[in-house]
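Per chain, numbering begins at 1; letters A, B, ... match sequence-line order. Hydrogens, waters and symmetry mates play no part in the numbers below; they use all other heavy atoms, side chains included. Model, not experiment: these values are computed from the prediction.
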There are 2 protein chains.
Amino acid sequence: MSAAQPHKVVSLAEFKAACQSCSLFQLCLPMGIADNELALLDKIIRRRRPLKRGEHLYQQGHSFQSLYAVRSGSIKTYATTEDGREQVTGFHLPGELLGLDAICTERHGCAAVALETCTVCELPYDQVDRLNEFLPGLQQQLVRMMSREILGGQALLALLGKRSAEERLAAYLLNLSGRFQRRGLSGTEFIMSMSRTDIGNYMGLAVETVSRMFTRFQEMGILSVRRKHVVVHQPERLRAIACQSGGCTVLGRAGAALPQTETKNG
Amino acid sequence: MSAAQPHKVVSLAEFKAACQSCSLFQLCLPMGIADNELALLDKIIRRRRPLKRGEHLYQQGHSFQSLYAVRSGSIKTYATTEDGREQVTGFHLPGELLGLDAICTERHGCAAVALETCTVCELPYDQVDRLNEFLPGLQQQLVRMMSREILGGQALLALLGKRSAEERLAAYLLNLSGRFQRRGLSGTEFIMSMSRTDIGNYMGLAVETVSRMFTRFQEMGILSVRRKHVVVHQPERLRAIACQSGGCTVLGRAGAALPQTETKNG
DNA sequence: TCTCTTTTTTGATCTGCGTCAATGTTGGAT
DNA sequence: ATCCAACATTGACGCAGATCAAAAAAGAGA
């Protein structure tokens, strides 16, 4: 992937292939896009050079210009409070959008940093209107994705409001698992690119608690963790734990706690 | 308010006055709407008969048809888990939208019930596209409002993740206060239409804790509560409590924990 | 008005998880 | 290979807030 020239003209097949693995995919292709429109889209969506671990895609407070979609790798978003502590607001895997929360204020309320080497596509927001003329339904699709984000947020709220540490971790793992699976990757064996500290921060738990829970799950034979490498042996038990107090409805069908990725275009 | 004939033709002035106090306001009027368009809008937006306390606007699982805006009164949204317990997902005051989370699944993930006598406006979602042709920017405005909802959700996450009961309640009260104030009502004296149980459920606290915190704030001289009637004597101290661990940045400028209502149309 | 139900408040006790502290592990830099 | 800094694990302890229990207050209906 030599991602040097951002506006390089690609063949249609090549482009479609790229978009399959890319993530703005959902914003465009499902709508039966014509070939000439695809060329237009290609002009507008920018491929950025890959981000290295620790590099920022944008900083908190920066003016909002574009939406981003993760193409590969993973990105953490976090907000820093005035006393210097950070609140992790999300982890973004391939196929997921970043920046939706900045549209209303036209300023990024959180920073986005690569957890590993990443590639992203960029959609300048001021082009959305223009693009919508050629791709009717684009904006509608955007609304749908935002709706999903809101729904996922509610699920997470329920989780943080009244679930034990064990339930939170179980739900978190199932969520990751589901997101990987939906991307065609293994849902039972994957790499968690985020640190324990980040997980704890995100889930409202102390690092130590996160660590203890991983140990407990391991002792129970539910999974194996070695550093960032996870193998889930008994997803059903994980699900049982996550749902034991009936959180599954709220959390969406699969007990996942965050933005789902399926699209229902009934 | 005889809300009998939904499609009654109203004079422009009358309509504008209605919309000032109504809430789909934000979806239409700020965009410099022409008079003939206004008439169209009036045809599409339905005024429903008032809801009495305890009546449902929609039930969990119902198919999604419309967005609703609260015109007066207040509405609670909640999801019921399979074991029959409920998770409150939000309180909606005049000027706020309901149903945004249902767009993606085309099914309501939570129920909406009136906490007191309410009036609402209804915008059939399948009309949004059509309406967008006449009111360019409508959909864009919708996107902006959803973005705000996402942002607010993140703030709430931060709150539930790592704030003490005292901080949560302080933030909750400030949030309510701000929302009333922004609607031109008093931010220091208002009626909390929701029960202590609902507040606790929403904020991830036991009812008893909520009650104790109100008592504590009262003993500190910060406010007076009598049943649902609240008078805030020292908002600064409330703010100091809500922000003491630096949550203000995340929570939006005023320490409010939920969807803000200001619009930035830079 | 009085009764019955629901909501709120207050007190007492118990526990999950945060905090502190110490040790082990890993990967990157030299 | 060796050092170092960041990350992860494990143990001990204390406290905020959940839970249990019961009384008090406020509506709702007759």
Does the pair S186(A) and Q181(A) meet the rule for a side chain to side chain contact (heavy atoms under 4.5 Å, CB included), with working shown? CA-CA 5 Å; S186(A) 169; Q181(A) 202 157 18; over 6 Å; no
Do R148(A) and E96(A) sit within salt-bridge range, that is, some charged N less than 4.0 Å from a carboxylate O? no
Should R49(A) and E55(A) count as an ion pair when the cut-off is N to O under 4.0 Å? yes
What's the closest nucleotide to the side chain of [X] if the choices are [options]?
| X | options | result |
| --- | --- | --- |
| S164(A) | dG11(D), dT26(C), dC17(C) | dC17(C) |
| R212(A) | dG11(D), dT9(D), dC17(C) | dG11(D) |
| T209(B) | dA18(D), dA26(D), dT9(D) | dA18(D) |
| M213(A) | dA26(D), dC17(C), dT9(C) | dC17(C) |
| E208(B) | dA21(C), dA21(D), dT25(C) | dA21(D) |
| A206(B) | dT9(C), dG18(C), dT19(D) | dT19(D) |

For the residue pair H108(A) and Y58(A), categorise the inter-ring angle as parallel (less than 30°), tilted (30 to 60°) or perpendicular (more than 60°). parallel
Mind checking if G200(B) touches a base, just sugar-phosphate, or nothing, with heavy atoms under 4.0 Å? nothing
Considering every strand and a 4.0 Å limit on heavy-atom distances, what is the contact class for S211(A): base, sugar-phosphate, or nothing? base
Under 4.0 Å: is that the gap between some side-chain N or O of [X] and OP1 or OP2 of [N]?
| X | N | value |
| --- | --- | --- |
| T215(B) | dT10(C) | yes |
| K228(B) | dT7(C) | no |
| R226(A) | dT26(C) | yes |
| R227(B) | dG27(D) | yes |

[X] has an atom [atom1]; how far is it from atom [atom2] of [N], in whole Å?
| X | N | atom1 | atom2 | result |
| --- | --- | --- | --- | --- |
| R168(B) | dA18(D) | CZ | P | 8 Å |
| F214(B) | dT8(C) | CZ | C1' | 11 Å |
| H229(A) | dT26(C) | NE2 | P | 15 Å |
| K52(A) | dG28(C) | NZ | P | 14 Å |
| R216(A) | dC17(C) | CZ | P | 8 Å |
| L115(B) | dG27(D) | CG | C1' | 17 Å |
| K162(A) | dT19(D) | NZ | C1' | 15 Å |
| Q218(A) | dT9(D) | CD | C1' | 11 Å |

Assert: residue with more 5' nearest nucleotide on DNA chain D, out of V225(A) and L205(B), is V225(A)
Run the side chain to side chain donor-acceptor pair (under 3.5 Å) check on S66(A) and E122(A) step by step: do they pass? CA-CA 6 Å; S66(A) 304; E122(A) 175 177 359; 2.7 Å; yes
Here the pair of heavy atoms bringing L169(B) nearest to M213(B) is CG-CB, 4.0 Å
